[in-house]
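Start at 1 and go down the list; that is how both ligands and their atoms are numbered. Nothing fancy with the numbering, it's 1 onward along the sequence. Just so it is clear, the model here is predicted, and its values are computed rather than measured.
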Amino acid sequence: MNQVSTQQLATWLDTTLQAQRFKDYCPNGLQVEGKASISHIITGVTATQALLEAAVAQNADAVLVHHGWFWKNENPCIVGPKRKRLALALQHNLNVFAYHLPLDAHPVLGNNAQLGRILGFEPDRDANGSPMVCGPDGLVWLGRCTPSKTLEEIGNNVCNALQRRPLIVGNPQQNIERIAWCTGGAQSMMDAAVAAGADAYLTGEASEPTFHLAQETGVAFIGAGHHATERYGVQALGSAIAQEFGIRVDFIDIDNPV
Ligand SMILES: [Zn+2]
């Protein structure tokens, strides 16, 4: 069975995702050290108890997720559910890798790149072929629906592709040519999409003011689910790891309606 050392994988991931480039709300990289070598990785959106249990049941050596642990605004004490998760990882020598913003932003493997591909949005690109982005950390992608579609048609597309009915604010018959998107909880970045001239903005979650911003700017809003929009980056990253190191990588989707 092929294997890679934990340190080698950590270095490759940090380099590939340019982890140092981001000021994030959590540490990116190897968050909890386990076994010194890895031949089987379980990937998932969030390092929940259920994902760790699935990884342990499959005798995996590591989990790799988008939403890891040790967030800036949480209680840093190791109590309650956090203790349980950490105890399980330590007990089984499970490595826990997490990449948050670096995995959203990667131009090919990232959540935004992969969601655009799955929904059939064609990203605008600059002369070097890099995606045109806006908003904080360049996290909002801009692109086109070609051919242009009505808001209703895009909503149906999203529903089929993500297996989840999105929240939509706007006139269903409105024509959408320019679309902006950012996976996850990026409702506060809708301003950037409006300023960039988008006809619609798609992200995972909505807040109360999101509705008014959409109403008052005429820019349509599509809330397609935080989890549902962030399933794809970690899968693309997992495929890249399997290809690079010849090890086994399996994605486990533990659904989340939010
Ligand atoms: Zn997220």
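Under the 4.0 Å criterion applied to side-chain N and carboxylate O atoms, Arg164 and Asp255 are not assigned as salt-bridge partners.
When atom types are taken as modelled, the side chain of Ser130 and the backbone of Asp126 share no donor-acceptor pair closer than 3.5 angstrom.
Restricting Glu230 to its N, O or S atoms, the one at the least distance from the Zn ion (ligand 1) is OE1. Residue-level check: among N/O/S atoms of His226, NE2 sits closest to the Zn ion (ligand 1).
For residue His100, no N/O/S atom approaches the Zn ion (ligand 1) to within less than 2.8 Å. The nearest N, O or S atom of His66 is not closer to the Zn ion (ligand 1) than 2.8 Å. Residue contact annotation: Asp104 places no N/O/S atom under 2.8 Å from the Zn ion (ligand 1).
The local environment of CD in Gln173 is crowded, with over 12 non-hydrogen atoms from other residues, nucleotides or ligands closer than 6.0 Å.
No continuous path of hydrophobic side-chain contacts links Leu13 to Phe22 [ILVMFWY only; heavy atoms under 4.5 Å].
Each salt bridge (Lys or Arg N to Asp or Glu O under 4.0 Å) pair with one or both residues in residues 7-27, not counting sequence neighbours, would appear here, but there are none.
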